[in-house]
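Have a look at the structure below, then the notes.
When reading the values below, keep in mind they use all heavy atoms of this one structure, side chains included, and skip hydrogens, waters and symmetry mates.
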Amino acid sequence: MTSTDQVLTLQSADQPGIVHRITGAIVECGGNITELQQFSSTDTLRFFTRIQVTGARGLTDAAAALAEELDAEVSVDQVGRPMRTLILASKAGHCLNQLLYRQQTGQLPIEVTGVLANHPDLAEMAGFYGVDFRHQPIPTPEDKDVFEALVREAVAERDVELVVLARYMQIVSPQLCEELAGRAINIHHSFLPGFKGANPYRQAHARGVKVIGATAHFVTPDLDEGPIIEQNVQPVTHQHTWQDLRSVGEDVESRTVTEAVRLYAQHRVFLDGNRTVIFP
């Protein structure tokens, strides 16, 4: 993509002629549409579109006019611009490693502004990738308030656009959930039945699960029930030990959260009530 490539996203109440109006505004800016995806939700009567444009001039001003005319939420960004991202972690490093590796190799359009963790275990990994790491223990509820204050501080000072919970093993307070609504992604192992508490892979092995899965979703005050962005599963058999299941699960979790972050960073994710609209 060249530096003139832009991505326009828009969501509003569905209405006749809306695509004609949007594409007409792009043409008036001298833009050529290279990709267009759209969806009209019959559940919420909302319209969603993601459009990539090359050669447009004054697209930001045109988008502002569209927002007013259509009573819409509209944004314009440069295609491929790295999204400023803060990662929260604990002890497990598989998801963090995948995100940092994909960032470093240019496969993931994010700029990791730092890692905040409630354990010191991943400091060496963050240092290997040249990413700022800060450790704040959370032995008491008061310490959680301190940790979340650091999150707020980092989000504000570093102009963070996305927060990723990369196996951050703490419940986020309802207040912080509300503040980060629509821009915080969590990764969670997915089993049927839903094993809770410690050692879910031991529990899965004991119950003879046949698939290992993972779900990436938006963070909400309802624990692990936020709108789903990405899911994956991997078949397993009785021959797998619980350690095998954990290894499979960590791989699925890493792939799933990385794909969810990619979709979000490329402006392909829209909230539609309790669901998401995803333009792959």
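- Taking the six-membered ring for Trp and the full ring otherwise, Phe270 and Phe279 have centroids separated by under 6.0 Å.
- Note that the OG1 atom of Thr44 and the CG atom of Asp14 stand 9.0 Å from one another [nearest 0.5 Å].
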Practice task
Quick one: do Leu66 and Arg21 satisfy side chain to side chain contact (heavy atoms under 4.5 Å, CB included)? Show the steps, please.
Solution key: CA-CA 8 Å; Leu66 284 172; Arg21 181 66 192 91; 3.9 Å; yes
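- A heavy-atom distance below 4.5 Å is found between the side chains of His189 and Arg167.
- Put simply, the side chain of His240 gets close to the backbone of Thr237: a donor and an acceptor are under 3.5 Å apart.
- Residues Pro109 and Pro82 fail the side-chain proximity criterion, which asks for heavy atoms closer than 4.5 Å.
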Handout entry: side-chain hydrogen bond (donor to acceptor under 3.5 Å, both in side chains) assessment of His94 paired with Glu253
Key = CA-CA 8 Å; His94 53 285; Glu253 289 172 11; 2.7 Å; yes
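- In this structure, a donor-acceptor pair under 3.5 Å is absent between the side chains of Asp251 and Ser254.
- The line from CD of Gln107 to CG of Leu99 is 12.0 Å long, rounded to the nearest 0.5 Å.
- Minimum interatomic distance between Val172 and Leu165 (heavy atoms only, all atoms of both residues): CG2-CD2, 3.7 Å.
- Of the inter-residue distances, the one linking Thr85 atom OG1 with Leu162 atom CG reads 4.5 Å to the nearest 0.5 angstrom.
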Practice task
Please report the C-alpha distance between Leu70 and Ile18 in whole Å, then the side-chain angles of each, then the deciding distance to 0.1 Å, and finally whether the side chain to side chain contact (heavy atoms under 4.5 Å, CB included) criterion is met.
Solution key: CA-CA 8 Å; Leu70 302 174; Ile18 189 169; 4.0 Å; yes
Practice task
Could you walk me through whether Tyr168 and Phe147 pass ring-ring contact (aromatic ring centres under 6.0 Å, His included), step by step?
Solution key: CA-CA 12 Å; Tyr168 172 63; Phe147 187 96; 5.2 Å; yes
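- Other residues, nucleotides and ligands place more than 12 heavy atoms under 6.0 Å from the CG atom of Asp222.
- Residues Asn232 and Arg255 meet the side-chain proximity criterion, which asks for heavy atoms closer than 4.5 Å.
- Side chain of Gln15 to backbone of Ala13: a donor-acceptor contact under 3.5 angstrom is found.
- For the pair Phe48 and Ser41, the tightest heavy-atom approach, listed with the atom from each and the gap, is CE1-CB, 4.2 Å.
- Between Tyr264 and Phe218, the ring-plane angle classifies as perpendicular under the 30° and 60° cut-offs.
- Closest heavy-atom contact between Ile187 and Ala214: CD1-CB, 4.0 Å.
- Counting all heavy atoms, side chain and backbone alike, Pro227 lies closest to Thr220 at CD-CG2, 3.9 Å.
- Interatomic distance, Glu259 CD to Arg262 CZ, rounded to the nearest 0.5 Å: 4.0 Å.
- No side-chain donor-acceptor contact under 3.5 Å links Thr276 to the backbone of Ile278.
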Exercise for the section: Kindly determine whether Val7 and Val76 satisfy side chain to side chain contact (heavy atoms under 4.5 Å, CB included), including the steps that lead there. Expected result: CA-CA 6 Å; Val7 56; Val76 175; over 6 Å; no
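- Contact of the Met125 side chain with the Leu96 side chain is registered, since non-hydrogen atoms from C-beta on lie closer than 4.5 Å.
- No chain of hydrophobic side-chain contacts below 4.5 Å, direct or via other Ile, Leu, Val, Met, Phe, Trp or Tyr residues, connects Val252 to Ile185.
- Summarising the geometry of Gly58 relative to Cys29, their closest heavy-atom pair is O-SG, 3.8 Å, with the distance given to 0.1 Å.
- To the nearest 0.5 angstrom, Gln52 atom CD is 11.0 Å from Ile33 atom CD1.
- Residues Met83 and Val115 share a single hydrophobic cluster, defined by chaining ILVMFWY side chains whose heavy atoms lie under 4.5 Å apart.
- Side-chain N or O atoms of Thr256 include none that pairs as donor or acceptor with a backbone N or O of Ala216 at under 3.5 Å.
- Residues Leu86 and Leu108 do not share a hydrophobic cluster, defined by chaining ILVMFWY side chains whose heavy atoms lie under 4.5 Å apart.
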Practice task
Would you please test Ile229 and Val261 for side chain to side chain contact (heavy atoms under 4.5 Å, CB included) and show each step?
Solution key: CA-CA 9 Å; Ile229 303 171; Val261 169; over 6 Å; no
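- Taking hydrophobic clusters as Ile, Leu, Val, Met, Phe, Trp and Tyr residues chained together by side-chain heavy-atom distances below 4.5 Å, Val277 does not share a cluster with Ile51.
- Listed for the Arg50 side chain is a donor-acceptor partner under 3.5 Å among the backbone atoms of Gln266.
- Formation of a donor-acceptor pair under 3.5 Å by the Asp143 side chain with backbone atoms of Thr140 is found in this model.
- The environment of Tyr101 atom OH is sparse: at most 12 non-hydrogen atoms of other residues, nucleotides or ligands sit within 6.0 angstrom.
- With hydrogens and angles ignored, the 3.5 Å screen pairs no side-chain donor or acceptor of Gln11 with any backbone N or O of Asp272.
- Under the 3.5 Å distance criterion, with hydrogens and angles disregarded, no donor-acceptor pair is assigned to the side chains of Asn32 and Thr54.
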Handout entry: Evaluation steps, salt bridge (charged side-chain N to carboxylate O under 4.0 Å, His left out), between Glu230 and Arg268
Key = CA-CA 12 Å; Glu230 176 74 2; Arg268 298 179 182 275; over 6 Å; no
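- For the pair Arg183 (side chain) and Val160 (backbone), a donor-acceptor distance under 3.5 Å is present.
- At a threshold of 4.5 Å between non-hydrogen side-chain atoms, the residues Asp5 and Gln78 do not count as touching.
- For the atom pair CD (Gln37) and OG1 (Thr49), the distance works out to 8.0 Å, reported to the nearest 0.5 Å.
- Judged by distance alone, the side chain of Glu161 and the main-chain N or O of Arg84 form a donor-acceptor pair under 3.5 Å.
- A side chain to side chain contact (heavy atoms under 4.5 Å, CB included) with Thr215 is found for one member of Asn186, Val233, Ile228 and no other, namely Ile228.
- The shortest side-chain heavy-atom distance between Gln38 and Val19 falls under the 4.5 Å cut-off.
- Counting all heavy atoms, side chain and backbone alike, Ser173 lies closest to Arg152 at OG-NH2, 4.4 Å.
- A donor-acceptor contact closer than 3.5 angstrom is absent between the side chains of Asn118 and His135.
- One hydrophobic cluster, built from ILVMFWY side chains closer than 4.5 Å, holds both Leu150 and Leu180.
- In this structure a side-chain-to-backbone donor-acceptor pair under 3.5 Å is present from Lys144 to Ile171.
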Handout entry: Criterion side-chain hydrogen bond (donor to acceptor under 3.5 Å, both in side chains) on Asp244 and Tyr201, from CA distance to verdict
Key = CA-CA 9 Å; Asp244 294 332; Tyr201 292 103; over 6 Å; no
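- Between Arg158 and Asp132 a salt bridge is recorded (basic side-chain N to carboxylate O distance below 4.0 Å).
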